[in-house]
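Shown next, in structure tokens, is the structure this report addresses.
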Amino acid sequence: MKKFISILLACMLLFAAAYAETNAAAYQAVALETGSVQVYDFGENRLHAYVSGDALGDVCYAVESPEGVVLLESTAFTAGNNAWKAYIDSLGKPVAGKLMAYHPNGSDAYSADAPYATENAVANWAENGSIRALTDGFIVAFGDTVAADHPANTQIIFFGDTVTLAGLDFVIRNEGDDAYGVEIPAMNVIYTHMIGSATHNILTSIDRIKVFKAELEGFDYDLVLTGHNMPEGRDAVQTKIEYLTKTAEIAESAESADDFIAQMHEAFPDYAGDNYLEMTAGFLFPAAQ
């Protein structure tokens, strides 16, 4: 487990350095003491994307309606959470709810209300859970700068649920891992934990590659939000579909993990996240490891 955490932490550090610089939608940038916020205007509603700039590249969100603010994810570091809370307070609207899909660290600071989370997410925050283990690994790596507290209480939601907060619907999606996704129909926006148009993904099997591709082919959203990348538009989804198509082709023809990695480097020379690629190779070619 410790070795896995070390590898995953290294991957996340690489991912933090690979923010995409292109976005389909225009936004207004607001500098904070720690990180910055990208503000997207959807008429009477607004989306605030907090780009923390921390060592893990955490990005979290506030959906603002005339009735209030709904928060999506938090950051792993106390300084980021403090800066984000101050910004949320400056909006002058009540926090109507918190959706903690994968990153719950320190989110109780935003409001006293229990966040919404699925049972699998809560299990992974608990002792011996994968998210708790990652947090413990961050504490080892970064010390007391880490927001170590996970929510003490939660409001359980289920895949397929529609949660209405601040007058807006949030549709809870099954992401097939520790996290859950969130669709925001009023904005035609979706949150999925990791995508990144120019970063390798951790892909556990050829079947998973094909399922992920099929999911993205069904995307028809103006903006795609992720936990470790700036928001991206429709072009990013098509780019990732093409990446997955090529990755599946290479995985089915490669003779070994090394051969797979070499072919992927040739096909995607400018992609970040080599450690993610190496983990994928390990999953696809276990006998060779």
Side-chain angles (χ1 to χ4, degrees), residues 19-32 35-53 58-75 80 83-103 107 110-111 113 115-116 155 157 160-173 175 179-193 195-197 215-240:
Y19 279 135
E21 293 297 337
T22 58
N23 298 286
Y27 62 85
Q28 176 186 359
V30 179
L32 303 185
S36 62
V37 178
Q38 297 176 354
V39 184
Y40 298 82
D41 192 342
F42 290 84
E44 68 175 3
N45 304 312
R46 292 194 298 172
L47 173 74
H48 307 260
Y50 175 47
V51 183
S52 68
D58 291 325
V59 181
C60 53
Y61 305 90
V63 181
E64 180 189 2
S65 78
E67 297 180 23
V69 178
V70 179
L71 305 180
L72 177 57
E73 302 290 49
S74 64
T75 79
W84 183 223
K85 181 183 185 305
Y87 178 82
I88 293 163
D89 290 344
S90 75
L91 299 177
K93 294 181 179 177
V95 174
K98 301 177 294 187
L99 295 162
M100 294 295 120
Y102 192 91
H103 298 288
S107 60
Y110 303 149
S111 76
D113 293 341
Y116 294 86
Q155 302 181 66
I157 51 178
D161 282 356
T162 296
V163 182
T164 302
L165 300 166
L168 297 173
D169 288 342
F170 298 83
V171 182
I172 308 306
R173 294 170 48 94
E175 293 290 321
Y180 63 88
V182 180
E183 181 182 353
I184 312 170
M187 295 178 167
N188 199 29
V189 166
I190 192 167
Y191 169 83
T192 184
H193 179 234
I195 180 168
S197 62
E215 290 173 353
L216 293 182
E217 287 172 339
F219 276 23
D220 188 24
Y221 303 99
D222 294 325
L223 207 59
V224 179
L225 317 180
T226 72
H228 297 279
N229 206 77
M230 295 180 188
E232 297 186 283
R234 294 174 183 269
D235 289 350
V237 174
Q238 184 56 41
T239 298
K240 183 57 70 171

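Side-chain atoms are counted along with the backbone in the values below, which use heavy atoms only and exclude waters and symmetry mates.
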- Item | Gap separating the CE atom of Met187 from the CG atom of Asn45, nearest 0.5 angstrom | 4.5 Å
- Message: Atom CD of residue position Gln28 - does it have more than 12 heavy atoms of other residues, nucleotides or ligands inside 6.0 Å?
- Response: no
- Note on the structure: Heavy-atom nearest pair, Tyr61 first then Trp84, reads C-CZ2, 3.5 Å
- Message: Could you report the tightest heavy-atom contact between Ala166 and Val69, atom names first, then the distance?
- Response: CB-N, 4.4 Å
- Pairwise distance CG(Asn188) to CZ(Arg234) - rounded to 0.5 angstrom: 6.0 Å
- From CD (Glu175) to CD (Glu215), nearest 0.5 Å: 6.5 Å
- pair Asp161-Tyr116: side-chain heavy atoms closer than 4.5 Å: no
- Task: State the CG-CD1 distance between Leu71 and Ile88, to the nearest 0.5 angstrom.
- Result: 4.5 Å
- Task: Measure the spacing between CZ of Phe42 and CG of Leu168 and express it to the nearest 0.5 Å.
- Result: 11.0 Å
- Task: Starting at NZ of Lys85, measure out to OG of Ser107 and round the result to the nearest 0.5 Å.
- Result: 12.5 Å
- Message: In the structure I gave you, are the side-chain heavy atoms of Glu64 and Lys93 within less than 4.5 Å of one another anywhere?
- Response: yes
- Between Tyr40 and Ala49, what is the shortest heavy-atom contact and its length? CE1-CB, 4.3 Å
- Query: Heavy-atom distance under 4.5 Å between the side chains of Leu47 and Tyr27, does that happen here?
  - Reply: no
- Item | The single option from Glu183, Glu73, Arg173 passing side chain to side chain donor-acceptor pair (under 3.5 Å) against Tyr191 | Glu73
- Query: Taking C-beta and beyond as the side chain, do Val30 and Tyr87 meet within less than 4.5 Å on heavy atoms?
  - Reply: yes
- Query: Tyr102 side chain to Thr192 main-chain N or O, any donor-acceptor pair under 3.5 Å?
  - Reply: no
- Item | Minimum heavy-atom distance between Ala83 and Leu32, given as atom pair plus value | O-CD1, 3.9 Å
- Note on the structure: side chain to side chain contact (heavy atoms under 4.5 Å, CB included) with Ile184: of Ile190, Val189, Asp169, only one passes, and it is Val189
- Query: Do the non-hydrogen side-chain atoms of Val163 and Val70 ever get within less than 4.5 Å of each other?
  - Reply: no
- Task: Check whether any side-chain heavy atom of Leu223 lies under 4.5 Å from a side-chain heavy atom of Glu232, and answer yes or no.
- Result: no
- Query: Given side chains that start at C-beta, do those of His48 and Leu91 come closer than 4.5 Å, heavy atoms only?
  - Reply: yes
